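Heads up, the thing below is written out as structure tokens.
Numbers here are sequence positions counted from 1. Because the structure is a prediction, the values reported are computed rather than measured.
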Amino acid sequence: MEGDALYSIGELARRTGLTVKTIRFYSDRGIVAPTDRSPAGYRLYDIDAVARLDLVRTLRALGVDLPTISRVVQRELSLPEVAATHAEALAVQIRVLRLRHAVLTAVAERGLTAEETDLMHKLAQLSEDERRRLIGDFLDAAFNGLGADPAFEGIRRSMTPELPDSPETQQVRAWVEWAELVADPDFRVGVRRMAEDLATEQALAETAGPRRDLGVVVRDRVGPALAAGIAPDSRQGDSIVAAIAAHYAQVLGRPDDAELRRLLLARLGGMSDPRRDRYLQLLAVINGWPAPESLVPAFTWCIEAVRVRRER
């Protein structure tokens, strides 16, 4: 029977597809020891050696080192234990490779300098605690001191990036760009100003009653005008601007006059910042959310429409 047969090292090589030299190497290491020797002193192996060599070849292909393989073959370690350890190590390697791929791709696409490349690499390699500190520093600068309104806590959470433990390349790239964006002092000032405007509007709403968000009103009013190709300075735009201005007048509790239109322009200007739009896009990529709708075209249309009517 085949199970009782003994094979020379050459026959074992033909059965396993390994070279004689490789089998002899594993044999010398005690990983696949010979079962017996021929009268002439040549090594002989039983059928179990075929299975052991197949296992060795598989583990080597998976990157397991020879000392560990020897312990598995000798049953000093269980295969599931080894698999779990190496899977964990591979997960770390995969994360590192994704970080490197993200940085190199960004360098190639954006034509970064050596200094910018170094900064990007450092941002990509931040630990979880370091990322948390960076995120907290930005959000504190935006919202601290604006009161304990629960709405602000919700906004803060909605603006928080949560990079997964095993991020995809595009998430790493988005995280690095996000970190670069929030380090921009001018962007921080703009976000803080929007937060202060929102705090003022919410404080007024406590006495005047809740109002729809200005961004939602602009989207709903201007979106159809954009789709229809209505120009900001057209007569058809008069009613749109009037409705938006009336809404903002109600929010601030003041009449729709020249000063109200000035305040409206300033508010729309902050909300139309393309960097705000980019922040939300990056946040969606990092957090695995659906891509947000860009409101920049609607804000841009509205700003032009209000400005034209102020100048008439």
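In this structure, SG in C302 is found 6.0 Å from CG in L264, a value given to the nearest 0.5 Å. Rounding to the nearest 0.5 Å places CG of L163 at 9.5 Å from CZ of R132. One distance of note links CG of L181 with CG of L283; it measures 11.0 Å at 0.5 Å rounding.
Here salt bridge (Lys or Arg N to Asp or Glu O under 4.0 Å) pairs that include residues 33-44, with residues two or more places apart or in two chains, are D28-R43. Sorted by first and then second residue, the salt bridge (Lys or Arg N to Asp or Glu O under 4.0 Å) pairs involving residues 301-312 (not counting sequence neighbours) are D238-R309, D238-R312, E304-R307.
In terms of modelled atom types and a separation under 3.5 Å, the side chain of T22 and the main chain of L18 share no donor-acceptor contact. Formation of a donor-acceptor pair under 3.5 Å by the D46 side chain with backbone atoms of D48 is found in this model. Of the possible donor and acceptor atoms, one in the side chain of N287 sits under 3.5 Å from a partner among the backbone N and O of E162. Between the side chain of S158 and the backbone N or O of I155 there is at least one donor-acceptor pair closer than 3.5 Å. In terms of modelled atom types and a separation under 3.5 Å, the side chain of H247 and the main chain of R212 share a donor-acceptor contact. Judged by distance alone, with hydrogens and angles left aside, the side-chain atoms of T58 form a donor-acceptor pair with the main-chain N or O of D54 at under 3.5 Å. Remark: the backbone N or O of L198 is not paired with any side-chain donor or acceptor of E201 at under 3.5 angstrom. Put simply, the side chain of R57 gets close to the backbone of T16: a donor and an acceptor are under 3.5 Å apart. Proximity of a side-chain donor or acceptor of T68 to a complementary backbone N or O of V64 within less than 3.5 Å is not detected.
Looking at S8 and Y45, their side chains never bring a donor and an acceptor atom within 3.5 Å of each other. Donor-acceptor pairing under 3.5 Å is recorded for the side chains of Q281 and R278. A donor atom on one side chain and an acceptor atom on the other are not found under 3.5 Å apart for D197 and T200.
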Sequence neighbours left out, cut at 3.5 Å: what donor-acceptor pairs do the side chains of residues 221-233 make with other protein atoms?
none

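In terms of hydrophobic clustering, with Ile, Leu, Val, Met, Phe, Trp and Tyr side chains grouped at heavy-atom distances under 4.5 Å, V216 and V218 are assigned to different clusters. One hydrophobic cluster, built from ILVMFWY side chains closer than 4.5 Å, cannot hold both V285 and V176; they sit in different ones.
If you look at F138 and Y279, their ring centroids are closer than 6.0 Å.
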Kindly indicate, with the supporting measurements, whether the criterion salt bridge (Lys or Arg N to Asp or Glu O under 4.0 Å) is fulfilled by E196 and R192. CA-CA 6 Å; E196 290 173 342; R192 176 67 184 191; 3.1 Å; yes
Salt bridge (Lys or Arg N to Asp or Glu O under 4.0 Å) evaluation trace for D65 with R60: CA-CA 7 Å; D65 59 272; R60 287 297 287 160; over 6 Å; no
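Every residue was checked against the side chain to side chain donor-acceptor pair (under 3.5 Å) condition with R193, not counting sequence neighbours, and none meets it. By the ring-ring contact (aromatic ring centres under 6.0 Å, His included) test, W175 is found to be paired with W178, residues two or more places apart in sequence or in another chain being considered. Under the salt bridge (Lys or Arg N to Asp or Glu O under 4.0 Å) criterion, E11 pairs with no residue at all, not counting sequence neighbours.
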